[in-house]
Amino acid sequence: DTAVSQTPKYLVTQMGNDKSIKCEQNLGHDTMYWYKQDSKKFLKIMFSYNNKELIINETVPNRFSPKSPDKAHLNLHINSLELGDSAVYFCASSSGLAGGTDTQYFGPGTRLTVL
Amino acid sequence: QKEVEQNSGPLSVPEGAIASLNCTYSDRVSQSFFWYRQYSGKSPELIMSIYSNGDKEDGRFTAQLNKASQYVSLLIRDSQPSDSATYLCAVIKFNGYALNFGKGTSLLVTP
């Protein structure tokens with residue numbers, strides 16, 4: 001069974017469109033994350049939810065809106081897509097111990113290409 | 001100054017040699033330190049975590065932490081071609097949750 005899954009794996013879309021990426025974890029974790037890996041392979045935190053509550057909201061355009069319907073799911077909706085949004089988006093989850101003395105498990109990633 | 005810095009490489013070592021990967025971090029309140037491995041087109045996977053000064057060994061991997069020097073390293077003994085990947089150093093601040101990653105070091109192990 002896949003621990004952290006994401007859909008879709010690939011997403012190709014036009015500028016200006018709105019798209020969503022879904023993430024699900026079956027590890028029973030309380031905390032989920034969205035990371036963005038740009039074309040230079042730099043991996044950076046975007047958002048984090050703990051028990052459906054937003055706990056990290058980095059400097060990200062407000063075109064990006066995360067939603068956590070329950071502890072096992074964290075979705076990412078992106079409005080008015082721009083060329084610079086092209087990247088690989090990784091979902092991750094952990095048990096959510098402050099200070100990080102727990103492992104974050106990453107999903108397979110969603111490669112978003114904006115044309 | 002970037003929070004987590006790594007030499008981007010590529011670092012090339014012959015099969016069977018020791019690969020040494022280094023990382024420095026800027027925030028003194030950093031609490032937890034991690035090495036992730038990422039193969040091309042794949043997601044990061046945890047190799048080692050370390051929380052206190054000194055060495056931590058797991059199989060062929062040894063993580064070393066020196067908080068006074070704000071320095072973390074990863075040694076890979078008996079390097080194999082399958083170790084060829086990008087190694088990401090990551091740090092979590094005190095009471096923090098998010099991983100702050102370095103840009104990664106590309107390792108190439110040649111047969």
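Atoms considered below: every heavy atom in the structure, side chains included; atoms not considered: hydrogens, waters and symmetry mates. None of the values given here were measured: they were computed from a predicted structure.
The part of A:Gln37 that comes within reach of chain B is its side chain, from C-beta onward, which places non-hydrogen atoms under 4.5 angstrom from that chain. Heavy atoms of B:Gln38 lying under 4.5 Å from chain A belong exclusively to its side chain. Residue contact with chain A, scored on non-hydrogen atoms closer than 4.5 Å, involves the side chain of B:Leu46 exclusively. Proximity to chain A is limited to the side chain of B:Tyr36, based on heavy atoms less than 4.5 angstrom apart.
Taking the ring centre of A:Phe42 as origin, the terminal cationic atom of B:Lys103 falls inside the region bounded by 6.0 Å and 45° from the ring axis.
Residues B:Ser79 and B:Asp83 bring no donor and acceptor atom of their side chains to less than 3.5 Å of each other. Between the side chains of B:Ser73 and B:Gln64, at least one donor N or O lies within less than 3.5 Å of an accepting N or O.
A distance-only check finds no donor-acceptor pair linking the side chain of B:Ser106 to the backbone of B:Gly9 [under 3.5 Å].
We find that B:Lys93 and B:Asp27 are joined by a salt bridge, their nearest charged nitrogen and carboxylate oxygen being less than 4.0 Å apart.
Less than 6.0 angstrom separates the ring centroid of A:His29 from the ring centroid of A:Tyr105. Here A:Tyr33 and A:Phe90 keep their ring centres 6.0 angstrom or further from each other.
Heavy atoms from other residues, nucleotides or ligands lying under 6.0 Å from NZ of B:Lys56 number more than 12.
Annotation: residues 43-56 of chain A contacts chain B through A:Leu43, A:Ile45, A:Ile55, A:Ile56 [non-hydrogen atoms, separation under 4.5 Å].
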